[in-house]
Student: 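What follows is a single structure, and I will ask about it in a moment.
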Amino acid sequence: MRRCFLLFLSLSLMTGCTPEQQILEELQLVQTIGYDYVSEDKILGTGGSTSIPPGQQSLPTDEVFSAVGYTSKQIRQKLQNESTKPIVIGRVGVVLFNQKLAEKGISDLLDNLQRDPEIGRDIFLALAQDSSQKIISTKYSTSVPTSNYIFDLIQQNMEQDMPRINLHAFLYRYYGKGLNAYMPILQKIDDRLKIIGIGIFKDDRLVQQINTEEAYYLKMAEDTIKKGILEIDFKNKKLSIENLSSKPKITVEKRNGSYKTELTLKIKGRISEGGGFRMTSKNIISGIEKTTRKQIEQHMEKLIQSFQENQVDPIGFKRKAMQNRTFSNKKWGDQYAKMPIRVNVEVAIIHAGIME
């Protein structure tokens, strides 16, 4: 009798510890969230969700919910009022901010994102050049749900030629010292969506935009690249250098109270499109290496100068300088805009591909 009682008690306790099971078909799983500027204190929130109607041959159906409110929590409550199912945001993969809202500042929304236990740190953040709501409401593919389409677009571009950034990396830059955060910019053209560049933040406000070519140079300057493609102009021909790999190194010196900085890039690649040149010629290879080095240095110096003019530092020169015990935050701030930052590029064409 005593054994039966203990068994009953154990089963009762196990039942009590089992999490409440939820059936996916009975939930409104939001996969994309968008925020748009309405006024100084109001924002438009949009949630993009996908549901599969009953039936074996049914295709996923996009559903979009929008509401205006003062806070993200109030907007979420209003969205819930439109839905016949409980709204769950644990599957969110992308959060969009429209450009005007980002220029005003997104600190409150970032704070809510990092505090929400349902939101993962690996989600993507992105800017909508025009309207987040329009991006989420558009059907881009007949076979792929819109939320999946947006997520895949950002992910595959970051694997190729855009700097990698997610919520975790953005917050690291946002709260860390000596770095500025950034996120990709999406533009909707009719029923197509494309990434047109990178938006760079100073604190929580968008202050500078760079195009996709400049974004690739930013990726080379602040991260190790293992795969990429660079197009160069050589003797009035366009050449492609593929499998480009690069490794950046930053050095900062302080002499007599003045800072001097150098960015060194070691780049390797092979020519995939040679423009008709004879790639077995050492003179041709040497000329391509020299031209590539000069082109990268010019583009990189121009990009860094634009960062200095906007008082942003996404590459992390300041972070490197802060590793020195003699670092002075005031002197760095006074000098950064006109600080000499030298770019030194070393290029090695290690293989000429099928042209050889």
Side-chain angles (χ1 to χ4, degrees), residues 99 102-107 127 162-163 165 169-170 172-185 196-225 230 232-233 246-267 290-347:
Q99 182 177 323
E103 289 171 349
K104 297 287 183 182
I106 56 173
S107 59
L127 292 165
M162 301 290 288
I165 192 109
F170 188 93
Y172 172 77
R173 287 172 165 269
Y174 176 63
Y175 288 111
K177 294 181 179 178
L179 279 173
N180 287 98
Y182 53 77
M183 58 178 79
I185 307 171
I196 60 170
I198 292 285
I200 299 168
F201 286 72
K202 187 174 183 179
D203 298 326
D204 71 323
R205 296 175 187 269
L206 175 68
V207 296
Q208 184 180 358
Q209 297 182 39
I210 59 176
N211 60 34
T212 52
E213 183 183 13
E214 294 167 327
Y216 187 69
Y217 284 100
L218 171 60
K219 186 180 180 75
M220 281 199 288
E222 59 98 22
D223 197 5
T224 298
I225 291 180
L230 184 70
I232 65 164
D233 297 317
S246 71
K247 188 175 182 180
K249 180 182 178 183
I250 296 172
T251 55
V252 179
E253 291 184 4
K254 185 181 180 185
R255 292 182 180 176
N256 301 322
S258 298
Y259 289 100
K260 290 184 179 179
T261 303
E262 181 174 284
L263 170 65
T264 301
L265 289 173
K266 292 185 177 181
I267 295 172
K290 183 179 179 181
T291 300
T292 306
R293 173 179 60 78
K294 188 175 180 181
Q295 177 176 308
I296 294 175
E297 286 179 350
Q298 288 176 343
H299 278 81
M300 199 67 78
E301 287 170 354
K302 186 177 178 183
L303 182 64
I304 291 171
Q305 187 179 0
S306 72
F307 292 154
Q308 291 177 287
E309 290 171 355
N310 285 285
Q311 288 286 320
V312 293
D313 183 10
I315 295 175
F317 296 118
K318 183 178 178 180
R319 183 179 60 173
K320 184 67 179 179
M322 292 173 69
Q323 296 174 1
N324 193 316
R325 284 184 293 180
T326 63
F327 175 76
S328 166
N329 191 53
K330 184 178 184 308
K331 284 189 176 180
W332 182 272
D334 293 340
Q335 297 178 19
Y336 178 67
K338 296 184 178 179
M339 184 182 300
I341 299 179
R342 184 168 178 263
V343 179
N344 178 34
V345 178
E346 301 173 17
V347 177

Student: Of all heavy-atom pairs between Pro248 and Ala221, which one has the smallest distance, and what is that distance?
Tutor: CB-O, 3.3 Å
Student: Is atom OH of Tyr175 surrounded by more than 12 heavy atoms (other residues, nucleotides or ligands) closer than 6.0 Å?
Tutor: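 For Tyr175, atom OH is crowded (more than 12 foreign heavy atoms under 6.0 Å).
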Student: Is any side-chain heavy atom of Ile250 closer than 4.5 Å to a side-chain heavy atom of Thr261?
Tutor: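 Contact flag for Ile250/Thr261 side chains = yes.
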Student: Within a strict 4.5 Å, meaning less than it, do heavy atoms of the Arg173 and Tyr182 side chains meet?
Tutor: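 Heavy-atom side-chain distance check passes, below 4.5 Å.
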Student: Go through the structure and list residues passing ring-ring contact (aromatic ring centres under 6.0 Å, His included) with Phe317, not counting sequence neighbours.
Tutor: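 Here no residue qualifies.
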Student: Go through the structure and list residues passing salt bridge (charged side-chain N to carboxylate O under 4.0 Å, His left out) with Lys266, not counting sequence neighbours.
Tutor: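 For Lys266, no residue satisfies salt bridge (charged side-chain N to carboxylate O under 4.0 Å, His left out) once neighbours in sequence are set aside.
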Student: For Arg319, is there an ion pair with Glu222 - N to carboxylate O distance below 4.0 angstrom?
Tutor: no
Student: Strictly by salt bridge (Lys or Arg N to Asp or Glu O under 4.0 Å), give each pair with a member in residues 250-261 just once, sequence neighbours left out.
Tutor: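 Qualifying pairs: Glu253-Arg255.
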Student: Apply side chain to side chain contact (heavy atoms under 4.5 Å, CB included) to Gln335 and list each qualifying residue two or more places apart in sequence or on a separate chain.
Tutor: Ser258, Tyr259, Lys331, Met339
Student: May I ask you to test the Asn344-Glu297 pair for a side-chain heavy-atom distance under 4.5 Å?
Tutor: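 Yes, close enough: below the 4.5 Å cut-off.
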Student: Without hydrogens or angle criteria, can the side chains of Glu103 and Gln99 be said to hold a donor-acceptor pair below 3.5 Å?
Tutor: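 Side chains of Glu103 and Gln99: pair found under 3.5 Å.
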Student: Between CD of Gln298 and CG of Leu303, what distance do you get to the nearest 0.5 Å?
Tutor: 13.5 Å
Student: With Tyr216, which residues qualify under ring-ring contact (aromatic ring centres under 6.0 Å, His included), at least two apart?
Tutor: none
Student: Where is the tightest heavy-atom contact between Asp203 and Asn180, given as atom of each residue plus distance?
Tutor: N-ND2, 4.3 Å
Student: ring-ring contact (aromatic ring centres under 6.0 Å, His included) with Phe307: which residues, sequence neighbours excluded?
Tutor: none
Student: Grab the two heavy atoms, one from Pro184 and one from Ile165, that are nearest each other, plus how far apart they are.
Tutor: CD-CG2, 4.0 Å
Student: Which heavy atom in Leu206 sits nearest to a heavy atom in Phe201, and how many Å separate them?
Tutor: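 Heavy-atom minimum between the residues: N-CD2, 3.6 Å.
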Student: Restricting to non-hydrogen atoms, name the atom on Ser306 and the atom on Asn310 that form the minimum distance, rounded to 0.1 Å.
Tutor: O-ND2, 2.9 Å
Student: Taking all non-hydrogen atoms of both residues, which atom of Ala337 and which atom of Gln308 are closest, and how far apart?
Tutor: O-CB, 3.5 Å
Student: Can you tell me how far apart CE (Met300) and CD1 (Ile315) are? Round to the nearest 0.5 Å.
Tutor: 6.5 Å
